[in-house]
Amino acid sequence: MSLQAVRGTKDILPPEIEQWHAVEAIFRDVAREFAYDEIRTPIFESTELFKRGVGEETDIVGKEMYTFEDRGGDSLTLRPEMTASVVRALIEHSLLRHSPVMRLWYAGPQFRYDRPQKGRYRQFHQFGAECVGSPNPESDAEIILVAYETLRRCGCSAFTLEINTLGTQSVRQQYREQLVAYLRQHHASLSADSQRRVETNPLRVLDSKDERDRAIIADAPSILDVLDDDSRAHFHAVLSLLDVANVPYTINATLVRGLDYYNHTVFEFTTTELGTQNAIGGGGRYDPLFAMLGGGDVPAVGFSIGIERMLLLREHEQGAPSEQERDGVYLCAIGEAAVLPAHALALRLRRQGLRVVTDVMRRSIKAQMKEANRHLVKYAVMLGETELADGTVVVKDLHSTEQQTVRQSELETILLAS
Ligand code: HAM
């Protein structure tokens, strides 16, 4: 049996990797413009972090974690998301001692044991940002704007920003009680999954895609009706800031998100273009999380975008990526005597920042020219017996097919000038 990548994981091969580089450059640009610094945390953490941070009753912790015991008997988990890890690192290194607000971004692989399908993988990648230290709506709006700018600059526009508030923790608790009372009245008509969730994680029933559940959810009490003054003021301030920034949104009172740490603002970027995997990104305010992880009372808000889903949407909207631009040089060595000087010349050009392909297969000149075209270089530089003897090279522009003989000492100037 031949070996294959594990189900739900995939190789990112050339030329697809070009798309990743392009969006990664955009992440870095947007993060720099909003003054977010990058953080990289380990891919595995102690299992306890996610149990406490994401929540025991969530799908992620209950069903989707890659948890294993290492040789020392410790229970470890491949990270299913980044927020808990970022908060752990902030607490561990007391980073907020030096600055009351920390703005951090990250990009990297995450792991969830979910049923693989288009846009849903067991190893996937997220780009995200967390603004830590401020309880104010300005930071909620800033985080949403970072996500929105990123999606737009990556070429995505066919998405909706859905937004809701879960209010303060006491509002959330009060709403939870009302919702449970309502759902219990309709218990018999709910799907089996939702019947179970009424007792374990009732807000998640609002997320159900089951037709029977949807009909019941449509008449459920709305959280927007139980908001206290503080929660309402916070939510309206976030919406006003989005209005000022011209960021369109839709209020969705049933949006609750699948992780336990949220309060106040929650949001999701959804699309109808990718089938069932409709969430390209999401996030919200998570003031309770620091305390859940032993870090005291620290307010925070953040988001993550699923990079694979965003790339699917980008390709859907932009079509297949346009042909790669020609770049660099193919150095053709003609005859054995030219091999060493050609390699020395290649190194000289690389040290000037040029992309240089050399022949390592001892091909004929005809085969080397074919290779040069396959590598999409701009120039072929040819070095044979005649050129070696008089200190020249032949430079062929592969786009115009024009050819000229130039002195070797002038080569960089000519190649770098164009
Ligand atoms: P999340 O909604 O669980 O939030 O994930 C964010 C995004 O990751 C989703 O909208 C989706 O695009 C992508 N994603 C999730 N699971 C998969 C999968 N199996 N395959 C492909 N893509 C997937 C969080 O992770 C929170 N940490 C967001 C956050 C940051 N909240 C506050 N700060």
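Numbering of ligands and ligand atoms starts at 1, following listing order. Model, not experiment: these values are computed from the prediction.
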Asker: For G281, counting its heavy atoms only, list the atoms of ligand 1 lying under 4.0 Å from any of them.
Answerer: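 The atoms of ligand 1 under 4.0 Å from a heavy atom of G281 are 10 (O), 12 (O).
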
Asker: State, yes or no, whether a side-chain contact exists between F267 and E162 at a heavy-atom distance under 4.5 Å.
Answerer: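 Sidechains of E162 and F267: no contact.
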
Asker: Which residue supplies the protein heavy atom nearest to atom 28 (C) of ligand 1, what is that atom called, and how far is it?
Answerer: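 That would be S304 OG, 3.2 Å.
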
Asker: Which heavy atom in P109 sits nearest to a heavy atom in I43, and how many Å separate them?
Answerer: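 Shortest heavy-atom contact: CG-CD1, 3.9 Å.
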
Asker: Among protein heavy atoms, which sits nearest to atom 27 (N) of ligand 1, and what does the distance come to when rounded to 0.1 Å?
Answerer: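 Heavy-atom neighbour on the protein nearest atom 27 (N) of ligand 1: E81 OE1, 2.6 Å.
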
Asker: Taking 4.0 angstrom as the limit and counting only heavy atoms of G119, give me the atoms of ligand 1 inside it, by number and element.
Answerer: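 The list of qualifying atoms is 20 (N), 21 (C), 22 (N).
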
Asker: For the residue pair N278 and T271, confirm or rule out a side-chain donor-acceptor distance under 3.5 Å.
Answerer: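 Short answer, no.
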
Asker: Less than 4.5 Å apart, side chain to side chain, heavy atoms only: is that true for K63 and D114?
Answerer: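 No; the side chains remain at least 4.5 Å from each other.
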
Asker: Quick test: of every protein heavy atom, which one is nearest to atom 30 (C) of ligand 1, and how far off is it to 0.1 Å?
Answerer: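 Sorting protein heavy atoms by distance from atom 30 (C) of ligand 1 puts T83 OG1, 3.0 Å first.
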
Asker: May I ask you to test the I144-V238 pair for a side-chain heavy-atom distance under 4.5 Å?
Answerer: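 The answer is yes, as the side chains (C-beta and beyond) meet within the 4.5 Å cut-off.
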
Asker: Where does the angle between the aromatic ring planes of Y36 and F34 fall among parallel (under 30°), tilted (30 to 60°) and perpendicular (over 60°)?
Answerer: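 It falls in the perpendicular class, over 60°.
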
Asker: Among all protein heavy atoms, pick the one closest to atom 5 (O) of ligand 1 and tell me residue, atom and distance.
Answerer: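 Checking every protein heavy atom, the shortest distance to atom 5 (O) of ligand 1 gives Q126 NE2, 3.2 Å.
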
Asker: Please could you name the atoms of ligand 1 that Y262 approaches to less than 4.0 Å, counting only its heavy atoms?
Answerer: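 Reading through ligand 1 atom by atom, the close ones are 26 (C), 28 (C), 29 (C), 31 (N), 32 (C).
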
Asker: Hey, are the side chains of L161 and T270 touching, using non-hydrogen atoms and a 4.5 Å cut-off?
Answerer: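 No, their side chains stay 4.5 Å or more apart.
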
Asker: Can you confirm whether V132 sits close enough to L95 that some side-chain heavy atom of one is under 4.5 Å from a side-chain heavy atom of the other?
Answerer: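 No, side chains not in contact.
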
Asker: Any idea which protein heavy atom is nearest atom 9 (C) of ligand 1, and the distance to it?
Answerer: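 The closest one turns out to be A279 O, 4.0 Å.
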
Asker: Below 4.0 angstrom from a heavy atom of R309, which ligand 1 atoms are there? Numbered from 1 as shown, please.
Answerer: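 It comes down to these atoms of ligand 1: 11 (C), 12 (O), 17 (C), 18 (C), 20 (N), 21 (C), 22 (N), 23 (C).
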
Asker: Would you please determine whether R120 falls within less than 4.0 Å of ligand 1 on a heavy-atom basis?
Answerer: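 True for this residue.
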
Asker: Can you classify the ring geometry of Y262 versus Y286 as parallel (below 30°), tilted (30 to 60°) or perpendicular (above 60°)?
Answerer: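 Taking Y286 first and then Y262, their aromatic rings stand perpendicular (interplane angle over 60°).
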
Asker: Would you kindly specify which portion of E130 sits under 4.0 Å from ligand 1, judged on non-hydrogen atoms: side chain, backbone, both or neither?
Answerer: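 The answer is the side chain of E130.
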
Asker: Using the side chain to side chain donor-acceptor pair (under 3.5 Å) criterion, which residues pair with R28? Sequence neighbours excluded.
Answerer: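 Once residues adjacent in sequence are excluded, R28 has no partner under the side chain to side chain donor-acceptor pair (under 3.5 Å) criterion.
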
Asker: Taking the side chain as C-beta and beyond, is there a heavy-atom pair between L224 and N164 under 4.5 Å?
Answerer: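 L224 vs N164: side chains touch.
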
Asker: Please state which option from F303, F267, F124 has its nearest heavy atom closest to atom 18 (C) of ligand 1.
Answerer: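 Among F303, F267, F124, the closest heavy atom to atom 18 (C) of ligand 1 comes from F124.
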
Asker: Considering only heavy atoms from C-beta outward, does the side chain of V87 approach that of Y261 to under 4.5 Å?
Answerer: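 SC-SC contact between V87 and Y261 ruled out.
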
Asker: Using a 4.0 Å heavy-atom threshold (strictly under), name the region of V301 that reaches ligand 1: side chain, backbone, both or neither.
Answerer: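 Answer for V301: neither.
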
Asker: Give a yes/no on ligand 1: does R257 have at least one heavy atom closer than 4.0 angstrom to it?
Answerer: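 The answer is yes: ligand 1 sits under 4.0 Å from a heavy atom of R257.
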
Asker: How far is atom 20 (N) of ligand 1 from its nearest protein heavy atom, and which residue and atom is that?
Answerer: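 Answer, as residue, atom name and distance: Y121 N, 3.0 Å.
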
Asker: Where's the contact between E268 and ligand 1, heavy-atom distance under 4.0 Å: side chain, backbone, both or neither?
Answerer: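 The answer is neither.
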
Asker: List ligand 1 atoms under 4.0 Å from I280, heavy atoms only on the residue side.
Answerer: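 Listed by number with element: 10 (O), 12 (O).
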
Asker: Could you check which of Y261, Y286, Y106, F269 puts a non-hydrogen atom nearest to atom 26 (C) of ligand 1?
Answerer: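 The option holding the nearest heavy atom is Y261.
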
Asker: Give me the residue, atom name and distance of the protein heavy atom closest to atom 13 (C) of ligand 1.
Answerer: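 Among all protein heavy atoms, the one nearest atom 13 (C) of ligand 1 is G306 CA, 3.6 Å.
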
